[in-house]
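Sequence lines set the chain letters: A, B, ... in the order given, protein chains first and strands last, and positions in each chain run from 1.
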There are 4 protein chains.
Amino acid sequence: MARAAAKKTPTRIQRQKTRAILDAALEVFSQHGFRGATLDQIADAAGLSKPNLLYYFEGKEAIHRTLLHRLLDTWLDPLRQLDPAGEPLREIRAYLLRKLEMSRDYPRESRLFANEMLQGAPRISDEIQGELKALVDEKAQVIRGWVEAGRLAPVDPYHLIFSIWATTQHYADFEVQVRGILGAGADGHFHDAARFLTQLYTGGLKPPAAGARRRP
Amino acid sequence: MARAAAKKTPTRIQRQKTRAILDAALEVFSQHGFRGATLDQIADAAGLSKPNLLYYFEGKEAIHRTLLHRLLDTWLDPLRQLDPAGEPLREIRAYLLRKLEMSRDYPRESRLFANEMLQGAPRISDEIQGELKALVDEKAQVIRGWVEAGRLAPVDPYHLIFSIWATTQHYADFEVQVRGILGAGADGHFHDAARFLTQLYTGGLKPPAAGARRRP
Amino acid sequence: MARAAAKKTPTRIQRQKTRAILDAALEVFSQHGFRGATLDQIADAAGLSKPNLLYYFEGKEAIHRTLLHRLLDTWLDPLRQLDPAGEPLREIRAYLLRKLEMSRDYPRESRLFANEMLQGAPRISDEIQGELKALVDEKAQVIRGWVEAGRLAPVDPYHLIFSIWATTQHYADFEVQVRGILGAGADGHFHDAARFLTQLYTGGLKPPAAGARRRP
Amino acid sequence: MARAAAKKTPTRIQRQKTRAILDAALEVFSQHGFRGATLDQIADAAGLSKPNLLYYFEGKEAIHRTLLHRLLDTWLDPLRQLDPAGEPLREIRAYLLRKLEMSRDYPRESRLFANEMLQGAPRISDEIQGELKALVDEKAQVIRGWVEAGRLAPVDPYHLIFSIWATTQHYADFEVQVRGILGAGADGHFHDAARFLTQLYTGGLKPPAAGARRRP
DNA sequence: TATGAATGAGAATTCATTCAT
DNA sequence: GATGAATGAATTCTCATTCAT
C-alpha cells in the first residue's frame, strides 16, 4: 500500500500536510456535518488537490474518524484534571471554567462532537462506551465520595457532569443563537457566562450547613 | 402551478399526506441533518414515491423549512408560559420541567433544531433574531424584575435561560452519550435529571436571606 | 375511446375549449419550442387542468401536430392568392405585403413554423413535400411564365419565393433582434420594412426595357 | 473548484476536449434547441461520459453560453469587412455572398443563433443590444453615407441589412424546407441563390441615373 | 508526491401521462 | 367532463473515489 498512513516513520512534510488536512477538515466538518462536507471543500481549505488529500487519508470517513479520535483525548482533558484530593466546590468550579474555556477556544471541536452525537454517534460509539464512560465513572465516584462525606450537596454525580457539559458546550454549539439573542458582540458573553455558571453551581452544590445535616 | 401546497383549501388526503411527510421528514432530518437526509429516505418513511412527495412540497428545502417553522412555535411554548405573576422559583422550576418533558417527548424536534443551530442556522436565522429574540427579551425582563425585587438571586437572566435550554435539551441532543454512560435503560434517567436540575436551580437561584441582603 | 377528438359532432363547449387549448399552445410552443414547452404551461394558459387538457387531445405531440396542420393552411393563403392573371410586379408586391402583414399580425404562428423548420421539420415534413411543394411549384410556374413573357426580370422563381418568405418572416422570427437594433419602439418598423421591401423587389424584378431585351 | 475551466493555462487535452464538446454541443443544440438538447446527447456525440463533460463545463447552460458567445464573433465578421472606402454596390454584393457562404458552410451556427432569437434571446440579449447593435449602427451609417452621396438607391440601411441577413440565413435555417421544395439535391441551390440574390440587390439598389436624379 | 482526467453511484427535480373518482 | 392524486422515465448535476502519469 502506498498510503502514507501505512508508513512507519512519517516525514516532517507528511506530518505537516496531515495536520493541514485535519485542520481544514475540522473547519468543514464542524460547519456542515459529515454528509454536508465535501472533499473538495476540505482539499481547498487545506490547499491541496483532492487526489493528494486522498494520498494521506484513505477517504472521507478516515479523515473524520481520525479527527474524532484525536479530539476525544483533548476533550476529556478538563475532566481528567478533576482532582480527588482537591476541595470539592473549588474543583468543580475549576472544571466548569476549563470546559467553558474550551468552548470559547475550540468551538469547532465542540460542534464536530455535537454533530456526531446528534447523528447517534455512528462513528464513535465504541469510544463513548469505553474510554469516555470509564473516565466518567471514575470521576462520578470521586464526586459521590464528596457527597457522602458531606462536602457537597447530595446530587447525582452523573447528571452533574452532564449539566456541566451541556451548559458550557452550549456556547459553542448554539453560538448563532446566543449571538442572535445577545447581539453580535464579541466574546464578552463568555465572561458573563462564567460568572453566572459559577454562581449557579456554587449555590446549587454548596453542602447544607453541618448542623443541619447531622440532626435528622 | 400543480403543487398541492398552492391550493387554497387542503383536502383531507392532502392534510393526511402532508402530515405523514412531515413526520417522516422529522425522523430523517433530525437523524441525518439536512444534507445527510435524502428524499428517498423521507419518501420511504412516509410510504410515498419520490415524485408524489414532491407533489406536496416544492422540494427538499421546503419540507425542511416547513418543519422548522412549525417546530419553533411549539418550541417556545414552555417559555411563553412563564408567568410574571407567579412565584419566581416555582415558575422557573416549572419552566425547567416543561422543557425537560419536551426533550423526553420530542427528542427529534430538539435534534432538528440543534442540527440547524450547529450549521449556523442558515434556514432559520431570521426567526431567531425576530420572534425568538423578542420572547426571550420579554421573559428576561420578567426575571430581571424578580431579581431586582430580591425574589431571586442576582443572576444574569439571559444566561439563566441559556442554561435551562442547555441542560434540558442535552438529554435529547446527546441522548446516545447519556445512554452510553448511564446504560441503555429506559427513560428512567429523566426522573433523576429532573431531581438534579430542580435541586441545582433551587439552590443556585434562591435569593439570599432578606437580612443578609440588607446588611452589607 | 373517450377522447373528444374521436367524437363525431363536437359540441359547442368542445370547440370552445379546443380553441382555447390551441391558442394557449401556440403561445407556449412558439416561445419555448416543442421540447421547451410543458403541458403545465399550456394548461395554465388555457385555464384548465392538465388531465382535462388531455381529455381533448391525445397528448403533447397531438396538440403540436394539430397546431401545425391548421397553421399551414393559413400560412399558404397569401401565396394562393397570387393571381396568374394579374400584373406581375403588382402581384408580387401584393404578395409581399400580405406576408409582411402576417408576420406583424401572427408572429407566434411564424415562430412556431420556424421552430419546426429549425428542428428539421420532424412533425411536418410530409406536408412540406406534399401540399406546400405542390403550391410552390404551381406558383413558380406562374412566375416563370411571367419571366418568359418578358414581364419580369429573368429570376429564378423558387429563390424569389424563398427570399420573400425570408425577408417578411424575419420580422416575426427575429423580432428581438430587430427591436434590439432599432430600439424597442412599437410596430412602426413594419411600415419602413414595407417601403424598403417594395423598393427592393420593384427595382430587382422590373423587366429590362422592351427595346433592350429584343436587340441582342 | 475542480472545474478544468477555472484553471489558468489549459492543457492540450483540455483544449482538445473542450473543442470536441463544443462541436458536439453545436450539433445537438442547433438541432434540438436548448431545452430539447440533453447532456446525454452531447456527451455521446463528444465521445465522453456525462460527468466528464461536466468536468470541463459548469453545466448545460455554460456550454450553450460559451457556444453563443464564440459564435457571435464569427457571425459578425462578414459585416465587419464591409469597407466604407469600397464601391457601394460591389461591397454589398460581396457582403451578401460572404453571408451566403457562411450559411452554406456553417448552417449549424446559423440555426443555433436562430433558435436563440426565436426564444427571445434569453441568453444573449445583452450582446445584441451591445456589440451587435454597435456594429450595425456603424455600418448603417456607412450605407447611409453612400445613399446620400447618390451612390446607392435611397433605401433604409437597417432594413437593407435585415433583408440580407434574412435571405442568406434562410438557406441554413429553413434548409429542410428548401430541400423539400427544390428536391434533396446537393448544395447546388446555393449557386442559384447567389445568382438570384445578386440580381435582386443589384437591381434594387442601383442608384437612379445621375440625370434622372437631378432633374425633378 | 502530486495532479489532471475520468467515472459510477447517487440525488434532486421535472414532466408527460395515467388513475380514480 | 373535470380534477386531485400518483408515477415512471428521464434529466441535470454532485461527489467520493480511481486512474494514469
Checklist entry - Without hydrogens or angle criteria, can the side chains of A:His32 and B:Arg35 be said to hold a donor-acceptor pair below 3.5 Å? => result no
Show each protein N/O and nucleotides 10-12 of chain E N/O combination with a separation under 3.5 Å, one pair to a line.
{"unit_1": "E:dA12", "atom_1": "OP1", "unit_2": "B:Leu39", "atom_2": "N", "d": "3.4"}
{"unit_1": "E:dA12", "atom_1": "OP1", "unit_2": "B:Lys60", "atom_2": "NZ", "d": "3.2"}
{"unit_1": "E:dA12", "atom_1": "OP2", "unit_2": "B:Leu39", "atom_2": "N", "d": "2.9"}

Checklist entry - Looking at the side chain of A:Pro51, which of E:dG4, E:dA6, F:dG4 is the nearest nucleotide? => result E:dG4
Checklist entry - Relative to the 5' end of DNA chain E, which residue comes earlier, D:Lys17 or A:Lys17, by the nucleotide with the nearest heavy atom? => result A:Lys17
Checklist entry - Can you tell me how far C1' of F:dA2 sits from CD1 of C:Ile21, to the nearest Å? => result 12 Å
Checklist entry - Using Watson-Crick pairs (N1 to N3, plus N6-O4 or O6-N4) and G-U wobble pairs, both distances under 3.5 Å, which stems of at least 3 pairs involve DNA chain E? => result E:2-21 with F:2-21
Next on the checklist: Taking any heavy-atom pair under 4.0 Å as a contact, classify B:Leu48: base, sugar-phosphate, or nothing.
Outcome noted: nothing
Next on the checklist: Expressed as a whole number of angstroms, how long is the span from A:His32:NE2 to F:dC15:P?
Outcome noted: 11 Å
Next on the checklist: Does any part of the side chain of A:Leu54, heavy atoms only, come nearer than 4.5 Å to the side chain of A:Leu39, both counted from C-beta?
Outcome noted: yes
Checklist entry - Going from OG on B:Ser125 to CD on B:Gln119, what distance comes out if it is rounded to the nearest 0.5 angstrom? => result 13.0 Å
Next on the checklist: Tell me if a side-chain donor or acceptor on D:Glu175 pairs with a main-chain N or O of D:Pro107 at a distance below 3.5 Å.
Outcome noted: no
Checklist entry - Of the nucleotides E:dA6, F:dA2, F:dA5, which one has an atom closest to the side chain of B:Ile13? => result F:dA5
Next on the checklist: What's the separation between atom NZ in A:Lys17 and atom CG in A:Leu53, rounded to the nearest 0.5 Å?
Outcome noted: 10.5 Å
